[in-house]
Amino acid sequence: MTPTPTTANSTTALVVLAATDRLRRADRELLVLAGTVGETHVVVPDAPGDALLDALAAHAVRTVHAPEGGPGDRLTTPAVALAEAAARETGATVLLLAATPEAADVAAHLGVRLEAGVITDVVALDADRVATKSVLAGGWTTRCRATSPVLIATVRPNAVELPADVAAAAPAEAQRPRVRTHALRDTGPAARVVGRAGLPASGRPALGEARVVVAGGRGTGGDFGPLEQLADVLGGAVGASRAAVDAGWIGPEAQVGQTGRTVSPQLYVSCGISGAVQQRAGMQTAGTIVAVNQDEQAPVFEIADLGIVGDLRTVLPQAVEHLRALRG
Ligand SMILES: Cc1cc2nc3c(=O)[nH]c(=O)nc-3n(C[C@H](O)[C@H](O)[C@H](O)COP(=O)(O)OP(=O)(O)OC[C@H]3O[C@@H](n4cnc5c(N)ncnc54)[C@H](O)[C@@H]3O)c2cc1C
């Protein structure tokens with residue numbers, strides 16, 4: 001969606017970020033969307049550094065709400081308590097979070113505490129707070145509005161177009177936002193984090209945020225090499241069907257679909273995937289769908305913008321070669 005610039009700051013938006021190390025693309029999308037709603041305030045899980053504050057200044061953020069004493073070792077409840085405190089203090093009527101499982105958990109708790117309507121997996125939000133989302137395994141697009149004074153929305157990555165240069169688009173008087181810390185004494189019982197282990201770094205973007213996803217299914221025969229090469233030349237992530245995951249060819253974190261990740265990239269390249277309804281549920285809102293399948297009757301061609309009937313082991317290396325040649 002291309003956000004419409006706001007003309008009057010009649011509404012206050014609160015963006016709930018999940019990390020403080022840097023602004024990810026999905027975070028910037030939330031901030032751009034918040035800017036179309038009205039005055040923007042932000043919640044962060046830890047003390048923000050100068051680099052983050054400068055990045056937030058470019059989005060004309062007024063206040064950054066952080067927990068006193070850092071994030072602690074508890075799940076969900078501190079984030080909920082902090083966002084609730086910030087929402088009450090700022091009078092925000094629109095709360096925006098990225099559409100991740102963790103954020104959905106926070107959004108649900110917040111909905112109860114603030115008596116707010118929660119709309120998940122939003123792909124567009126109008127100025128009059130009407131949200132667009134895709135439902136029933138991607139088969140229907142619905143427009144819905146919260147009847148409560150406060151709306152909480154989780155927004156799918158890649159749903160919002162970013163200005164080419166956010167800093168240039170920021171008001172000339174942009175200055176670092178004020179940092180407001182909150183003491184969170186009563187966060188209630190909660191699960192504690194007892195350890196953290198990072199996923200092995202692939203050098204590729206995260207599947208849920210990637211602008212390009214190259215996904216493989218049973219038709220790969222277990223060789224994801226050609227898909228990885230195409231993903232790398234396009235700067236994308238690698239995804240998979242459940243059949244490929246069940247075969248043990250790739251980890252479950254790569255599964256796209258009803259029981260896997262929902263992705264909404266600008267480009268989804270489906271390779272050797274038949275296009276079952278459960279797979280479509282996770283990728284149908286992609287901007288452009290390219291399908292490579294040797295069976296011209298494969299259901300995936302019903303939703304593909306571009307279909308290539310052929311063996312992926314021939315088609316993908318040719319595509320990689322061509323793209324590399326184009327880039328010199
Ligand atoms: C409750 C439930 C939840 C599910 N959740 C998910 C989910 O989250 N995600 C998901 O993906 N599935 C899910 N499924 C499974 C889903 O129904 C399908 O079984 C699955 O998506 C099939 O995977 P596939 O397309 O890779 O395999 P197949 O259906 O076997 O298709 C393989 C395709 O590869 C093509 N092919 C073969 N060789 C080549 C080649 N060399 N070059 C090009 N094309 C080739 C074939 O023509 C075929 O179309 C779920 C099912 C259920 C019941």
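By convention here, the first residue in the shown sequence is residue 1. Each ligand, and each atom within it, is numbered from 1 in the order the structure gives.
- Here the closest heavy-atom approach between residue Gly251 and residue Val245 is recorded as O-CG2, 3.8 Å.
- Protein heavy atom closest to atom 53 (C) of ligand 1, with residue, atom name and distance, is Gln278 NE2, 3.9 Å.
- Ligand 1 has no nitrogen or oxygen under 3.5 angstrom from a nitrogen or oxygen of Gly217.
- Atom 41 (N) of ligand 1 has its nearest heavy-atom neighbour, among Asp311, Asp295, Val315, in Asp311.
- Here the protein heavy atom with the shortest distance to atom 37 (C) of ligand 1 is Gly219 CA, 3.3 Å.
- Of the protein's non-hydrogen atoms, the one nearest atom 5 (N) of ligand 1 is Thr259 OG1, 2.6 Å.
- Shortest contact from atom 29 (O) of ligand 1 to any protein heavy atom: Ser274 OG, 2.7 Å.
- For a threshold of 3.5 Å applied to N or O pairs, the pair formed by Gly272 and ligand 1 contains at least one separation below that value.
- Here Glu209 does not pair with Arg156 in a salt bridge; the nearest charged N to carboxylate O distance is not below 4.0 Å.
- Electrostatic pairing of Arg261 and Glu253 does not count as a salt bridge here, judged by no charged N lying under 4.0 Å from a carboxylate O.
- If you check which protein heavy atom lies closest to atom 44 (N) of ligand 1, you get Gln294 N, 3.2 Å.
- With salt bridges taken as basic N to acidic carboxylate O contacts below 4.0 Å, none links Asp223 and Arg313.
- Among protein heavy atoms, atom 30 (O) of ligand 1 sits closest to Arg218 NE, 2.6 Å.
- Distances from atom 22 (C) of ligand 1 to the heavy atoms of Ala243, Pro226, Gly216 show the closest one on Ala243.
- Distances below 4.0 Å separate heavy atoms of Gln255 from the following atoms of ligand 1: 6 (C), 7 (C), 8 (O), 9 (N).
- The proximity of Val256 to ligand 1, defined as any non-hydrogen pair under 4.0 Å, is limited to the backbone.
- Residue, atom and distance of the protein heavy atom nearest to atom 46 (C) of ligand 1 are Asn293 OD1, 3.6 Å.
- The pair Asp50-Arg176 meets the salt-bridge criterion, with a side-chain N (NZ, NE, NH1 or NH2) lying under 4.0 Å from an Asp/Glu carboxylate O.
- Put simply, atom 19 (O) of ligand 1 has no protein non-hydrogen atoms near it, under 4.0 Å away.
- Residue-level proximity to ligand 1 for Ala276 is carried by the side chain, the only part with a heavy atom below 4.0 angstrom.
- The protein atom (non-hydrogen) at minimum distance from atom 26 (O) of ligand 1 is Ser241 OG, 2.6 Å.
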